[in-house]
2 protein chains.
Amino acid sequence: MDQQPAYNHVHEETVQRVNEIMPGEEELFDLSELFKVFGDSTRIRILYVLFESDMCVCGIAELLGMTQSAISHQLAVLKKAKLVRYRREGKTIFYSLSDDHVRTILDQGMEHITE
Amino acid sequence: MDQQPAYNHVHEETVQRVNEIMPGEEELFDLSELFKVFGDSTRIRILYVLFESDMCVCGIAELLGMTQSAISHQLAVLKKAKLVRYRREGKTIFYSLSDDHVRTILDQGMEHITE
DNA sequence: CTTTCATATGAGCAATCGTTCATATGTATT
DNA sequence: AATACATATGAACGATTGCTCATATGAAAG
């Protein structure tokens with residue numbers, strides 16, 4: 001008896017090519033989680049601050065005119081995504097950017113929206 | 001009478017440098033809106049499909065194992081962000097990628113998560 | 001050890017998001 | 001015109017998000 005093809009509208013060849021390049025479930029999850037982090041203007045502003053200088057939490061809060069708590073929550077998100085590092089100096093904790101992908105990703109995004 | 005400085009923890013010089021490079025309110029909004037679009041694995045999967053081939057809505061739906069409605073809603077989001085184009089051919093509408101930033105942004109994201 | 005300053009964290013709330021379901025729009029075929 | 005097919009869209013739902021508020025942790029100074 002005939003086996004029905006899984007796809008009717010798409011060439012089987014195309015299906016195979018797509019399946020070859022499609023990232024796995026876990027990679028897709030991690031990738032979308034990463035971009036979610038960039039998907040908030042407060043977090044983007046924090047990253048732009050850190051482009052210029054390492055800074056403590058209350059410094060960032062002052063500069064952006066937001067509460068310490070709000071900034072701390074967002075830094076936790078950036079930290080979890082490994083976009084920022086931190087070091088302790090006495091009572092103060094200084095945050096800094098962890099790598100260059102941050103800048104590249106933001107620059108590419110900026111290019112897209114300004115064309 | 002002495003004017004109190006606006007910021008206590010941050011050097012005035014740093015404040016100025018940050019204000020110079022910080023994108024304006026509208027740019028920040030657009031930028032975060034753009035990255036929100038990448039922040040969903042269904043939309044990322046659609047983009048990966050379109051890397052391989054232009055495709056109709058029901059084709060994408062079949063390939064990804066999702067409903068036509070769900071895909072159509074997400075394509076509307078991608079369309080609004082100008083990440084995809086479309087052309088009509090009879091009853092069918094074919095979607096395709098609109099520019100190369102999509103690939104660069106996804107590649108940079110992938111580099112970040114796989115290191 | 002108590003106080004103070006810097007930061008982190010948990011609960012709660014309004015707002016936003018992604019999907020489903022039902023239905024509307026639009027194009028070709030008869 | 002009537003039907004069929006491809007796509008779009010609006011309402012509704014549970015889930016997630018970003019902030020606030022109150023409080024906890026942690027380090028230095030007294």
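Order of the sequence lines sets the chain letters (A, B, ...), proteins ahead of strands, with each chain counted from 1.
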Give a yes/no on whether any side-chain N or O of B:Y86 is located under 4.0 angstrom from OP1 or OP2 of D:dA8. no
B:A70: partners by side chain to side chain contact (heavy atoms under 4.5 Å, CB included), with sequence neighbours left out: B:M66, B:T67
Where at least one partner belongs to residues 42-53 of chain B, residue pairs that pass side chain to side chain donor-acceptor pair (under 3.5 Å), sequence neighbours excluded: A:R17-B:E52, B:R43-B:Q74
Has B:T114 got a side-chain atom pairing as donor or acceptor with B:M110's backbone, closer than 3.5 angstrom? yes
Name all residues meeting the side-chain hydrogen bond (donor to acceptor under 3.5 Å, both in side chains) criterion together with A:E33; count only those two or more places apart in sequence or in a different chain, and write none if there are none. A:K36
Set of residues satisfying side-chain hydrogen bond (donor to acceptor under 3.5 Å, both in side chains) with respect to B:R87, sequence neighbours excluded: B:D54, B:E89
Distance in angstrom units between [X] [atom1] and [N] [atom2], rounded:
| X | N | atom1 | atom2 | value |
| --- | --- | --- | --- | --- |
| A:K80 | D:dT17 | NZ | C1' | 13 Å |
| B:L75 | D:dA8 | CG | C1' | 11 Å |
| B:E62 | D:dT7 | CD | P | 10 Å |
| B:F94 | D:dA8 | CZ | C1' | 17 Å |
| B:I60 | D:dT7 | CD1 | P | 9 Å |

Nearest-nucleotide check on DNA chain D, B:S72 vs A:R43; residue mapping nearer the 5' end is B:S72
Residue pairs fulfilling ring pair (Phe, Tyr, Trp, His ring centres under 6.0 Å) with at least one residue in residues 59-93 of chain A, sequence neighbours excluded: A:Y86-A:Y95
Tell me which donor-acceptor pairs under 3.5 Å the side chains of residues 24-32 of chain A have, and how far apart each pair is, sequence neighbours excluded?
from, atom 1, to, atom 2, distance (Å)
A:E27, OE1, A:G24, N, 3.4
A:S32, OG, A:L28, O, 3.1
A:S32, OG, A:F29, O, 3.0

Enumerate donor-acceptor pairs with a distance under 3.5 Å from any side-chain N or O in residues 97-107 of chain B to protein atoms, sequence neighbours excluded.
from, atom 1, to, atom 2, distance (Å)
B:S98, OG, B:K82, O, 2.5
B:S98, OG, B:L83, O, 3.2
B:D99, OD1, B:H101, N, 2.9
B:D99, OD2, A:H112, ND1, 3.2
B:H101, NE2, A:E111, OE1, 3.1
B:T104, OG1, B:D100, O, 3.2

For B:Y95, report the nucleic acid contact type (base, sugar-phosphate, nothing); a contact means any heavy atom under 4.0 Å. sugar-phosphate
Expected string for nucleotides 19-30 of chain C under the B/S/- scheme (protein heavy atoms, under 4.0 Å, primed atoms plus P, OP1, OP2 as sugar-phosphate) is SBBB----BS--
What residue pairs, at least two apart or across chains, pass salt bridge (charged side-chain N to carboxylate O under 4.0 Å, His left out) with a residue in residues 64-79 of chain B? none
Going by heavy atoms in the side chains, are B:L50 and B:I60 under 4.5 Å from each other? yes
Using a cut-off of 6.0 Å, state whether more than 12 heavy atoms not belonging to A:E115 lie near its atom CD. yes
Here the residues of residues 44-55 of chain B within 4.0 Å heavy-atom distance, strictly under, of DNA chain D are none
Residues of residues 23-39 of chain B with a heavy atom under 4.0 Å from any atom of DNA chain D, listed by number, are none
